Every structure is written in structure tokens, then in C-alpha cells.
Amino acid sequence: MMRRLILVLALIFAALPALAAIAPDEIMSDPALEARARGITKQLRCLVCQNQSIDDSNAPLARDLRLLVRERLKAGDGDDAAIAYVVARYGDFVLLRPPIKATTWLLWFGPAVILLGGVVFLWLRVRRPKVAPAAPAPLDPEEEKKLAALMGESQPKAGP
Amino acid sequence: MRLRFVVPAFLFVLLGAGFVYALVAIQSGKKDPSAVPSALIGKPAPEFALPAPQGFSAGLSAADLKGKVTILNVFASWCPPCHVEHPLLLDLAKEATNGGFQLVGLNWKDKDEKLAAWFKEAGNPFARIGADPDNRVGIDFGVYGAPETFIIDRDAKIVYRYAGPLTQELLRDEIRPLLAKLKK
């Protein structure tokens with residue numbers, strides 16, 4: 001029973017790569033070009049679902065873009081040129097890995113800056129010399145007297 | 001000493017105000033966090049030439065955009081929000097002559113006969129329609145869904161894009177003022 005379950009699970013996981021949305025009629029006859037096309041479409045965001053690549057997505061628009069990328073490659077475009085073709089129409093947002101440029105510095109380096117800020121803050125906090133608590137003000141004569149009286153009362157009498 | 005409480009309290013109120021603002025803006029439809037900005041704003045409209053769908057006379061090509069302010073609406077008969085915004089497009093069509101613009105349609109990934117059946121019943125707001133069944137021109141416009149609405153100036157430059165169904169508020173606050181500005 002257990003072994004059978006494991007076998008079923010293993011088969012399901014083995015089939016996962018086949019879940020890519022690409023349909024048989026989209027695949028190019030040239031395996032080298034097809035491999036390049038897969039590489040490119042894995043980097044491009046599907047604008048309909050927004051968190052899947054067009055390689056993964058079943059959306060009709062993703063299929064259109066997969067076919068477009070393959071067409072660009074067939075027309076002799078390099079990988080970068082094919083990506084640039086899509087970016088020119090849909091903007092940087094289609095890149096699942098946003099480019100590093102002035103407008104994305106906050107995105108790329110923001111977390112590191114915040115972390116660094118936290119470390120600096122903590123370091124300054126820990127290093128600050130501890131101020132010894134101020135000594136209590138000395139008692140004035142009246143208080144001295146009160147204290148003496150109290151002490152006198154509670155002191156056990158010495159000797160029988 | 002009191003600063004220790006005032007500063008965090010102030011920051012907290014600021015954060016809260018930010019959240020409330022974002023929630024209200026999203027709820028009222030002013031802000032759509034999943035909207036994708038168009039990469040084509042300020043760029044010339046792409047070159048294209050599309051035939052009219054069967055049953056319609058005037059197709060749409062890049063040459064039709066020159067010398068006129070154009071509202072280009074990307075639509076399809078299979079798209080429910082397109083049906084929702086359709087009455088607003090019919091309203092806009094009536095304003096076209098006085099407003100100095102033309103209203104044209106890009107029939108996106110649609111079937112000619114389905115479109116013809118719909119418009120026979122609901123009316124055709126467009127002066128020209130280009131049929132784009134395989135999304136060739138749609139991709140060149142950076143279209144990622146229907147409906148989308150572009151505004152293109154006299155020099156065939158794209159000045160505005162809205163993704164989603166048009167609303168009265170959008171027409172009042174953004175589109176009509178922009179058209180008035182472009183008319184000058």
C-alpha cells in the first residue's frame with residue numbers, strides 16, 4: 001500500500017516538467033532553436049496572470065507571445081534581440097528579472113540598505129556607554145532623624 | 001523623554017494613513033495594483049494595416065491615425081467588460097464630430113460573425129474597425145487584455161492608455177479633458 005502510494009507520488013512529480021503550457025503545435029522543428037525559445041519564454045512574464053512566465057501560462061496571450069518569440073528566432077534574431085522586441089511593446093514589467101537601472105535601485109538594493117541600517121542602529125545602541133544610574137540624593141537632617149528613629153525602634157534590645 | 005513615545009506613535013499614524021489611502025484608492029477603482037503601465041506612451045503608434053471584419057466597410061491602418069485625434073478601443077465580442085463599456089462608447093461616438101476626434105476599434109482575437117451578430121443588436125460605435133484575430137497588431141500595441149483604450153494624437157503618437165472597461169468617472173476625469181486638450 002505504502003509502496004504503491006510512493007510510486008504514484010513519484011510518477012506525479014516526474015510528470016511535473018510536462019505541465020509547461022506549451023502545446024505540441026508550437027514546438028519548433030529545430031531543437032536548438034526550440035531550446036533557445038524555451039530559455040527566453042521562461043524569462044518573460046505573462047501579463048494576464050502576472051506571476052507566471054509565458055512558458056508556464058495557459059493564457060491565450062501567453063501562447064501568442066510564445067509563438068512571437070519563436071517567430072523572431074526563426075527570423076534570425078538573437079536571444080537579446082527577441083527579448084528586446086517584447087520589452088519594447090510591453091515594458092520592463094514583462095521581465096521576470098527586472099533590469100538594474102536608476103528606477104529599480106530601490107527594488108534591488110532597498111532590502112540590503114534596510115538591513116544595513118538595522119545593523120548600524122543596533123551597533124550604535126549596544127556600543128553606547130551605559131550611564132551609571134545617578135546616586136540618590138543624600139538625606140537631609142530631618143530624614144536622618146526619622147531614619148535613626150525607625151532603626152532604633154526595630155533594633156532588637158541587646159542583652160537580657 | 002516624551003519623544004520616545006511621540007515618534008513611534010507618529011510613525012504608526014503615518015503608516016495607518018498610508019494603508020487607508022491605498023485601500024480607499026483601490027476600492028474606488030482609482031488605483032489598480034495589477035495594472036501594467038504602457039511602454040508606448042509618448043511613442044509613435046506602430047505601423048499596421050488591418051482589414052475590416054466581414055460585414056463592416058472600413059478597415060483600420062496606421063495611415064488612418066495621421067492628422068486626427070483618435071480613440072482606439074481594443075475590444076472583442078467574447079469579453080464581458082467590453083459589453084459593459086459598450087453604451088459609453090456609443091455616447092462617445094456621438095461626441096466625435098463636435099469633439100474633433102475619431103473613435104475606432106481594434107477587434108481583438110475575435111470571430112467576424114460573432115462581432116457582426118453583437119453589433120447588429122447593440123449598435124456599432126466605431127467609424128473604423130480593424131480585425132486582428134491572431135493578435136498581431138495587438139502585440140505591437142502592447143495589449144494584454146480586452147478592453148483597452150488608447151488615445152493617439154494628430155501626429156499618430158500614443159498619449160494615453162487605459163486597461164479595463166471605461167467608466168463615467170474615467171471619461172469625466174481623464175478622457176474628456178485630454179480630448180479637449182488635444183483638440184486645440
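Chain A is the first sequence line, chain B the second, and so forth, proteins listed ahead of strands; every chain is numbered from 1. Note that the coordinates shown come from a computational prediction; the quantities given were computed from them, not determined experimentally.
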* Asked: Would B:V137 and A:L67 show up in the same hydrophobic cluster when neighbours are defined by side-chain heavy atoms closer than 4.5 Å?
  -> no
* Asked: For the rings on B:F48 and B:F141, is their centre-to-centre separation under 6.0 Å?
  -> yes
* Region of B:I139 that comes under 4.5 Å of a non-hydrogen atom in chain A -> both
* **Heavy-atom closest contact (B:A146 atom, B:V74 atom, distance)** => CB-O, 4.1 Å
* To do: Side chain from CB out, backbone as N, CA, C, O: work out which of these in A:V86 comes under 4.5 Å of a heavy atom of chain B, or both, or neither.
  => neither
* To do: Would you mind reporting whether B:L170 and B:L88 have side-chain heavy atoms less than 4.5 Å apart?
  => no
Give each N or O donor-acceptor pair spanning chain A and chain B at a distance under 3.5 Å, with atom names and distance to 0.1 Å, or state none.
| unit_1 | atom_1 | unit_2 | atom_2 | d |
| --- | --- | --- | --- | --- |
| A:Q50 | NE2 | B:S34 | O | 2.8 |
| A:D64 | OD1 | B:K109 | NZ | 3.2 |
| A:D64 | OD2 | B:K109 | NZ | 2.4 |
| A:D64 | OD2 | B:N135 | ND2 | 2.8 |
| A:E71 | OE1 | B:R136 | NH1 | 3.2 |
| A:E71 | OE1 | B:R136 | NH2 | 3.1 |
| A:E71 | OE2 | B:R136 | NH1 | 3.4 |
| A:R89 | NE | B:D140 | OD1 | 2.6 |
| A:R89 | NH2 | B:D140 | OD1 | 3.3 |
| A:Y90 | OH | B:V143 | O | 2.6 |

* Asked: Do B:L92 and B:L90 belong together in a cluster built from hydrophobic side chains that touch within less than 4.5 Å?
  -> no
* Would you mind checking which part of A:A88 comes under 4.5 Å of any heavy atom in chain B, side chain (CB onward), backbone (N, CA, C, O), both or neither? => backbone
* Asked: Is the B:F5 to B:F10 ring centre distance short of 6.0 Å?
  -> no
* Asked: Quick check: are there more than 12 heavy atoms from other residues, nucleotides or ligands sitting under 6.0 Å from CG of A:L106?
  -> no
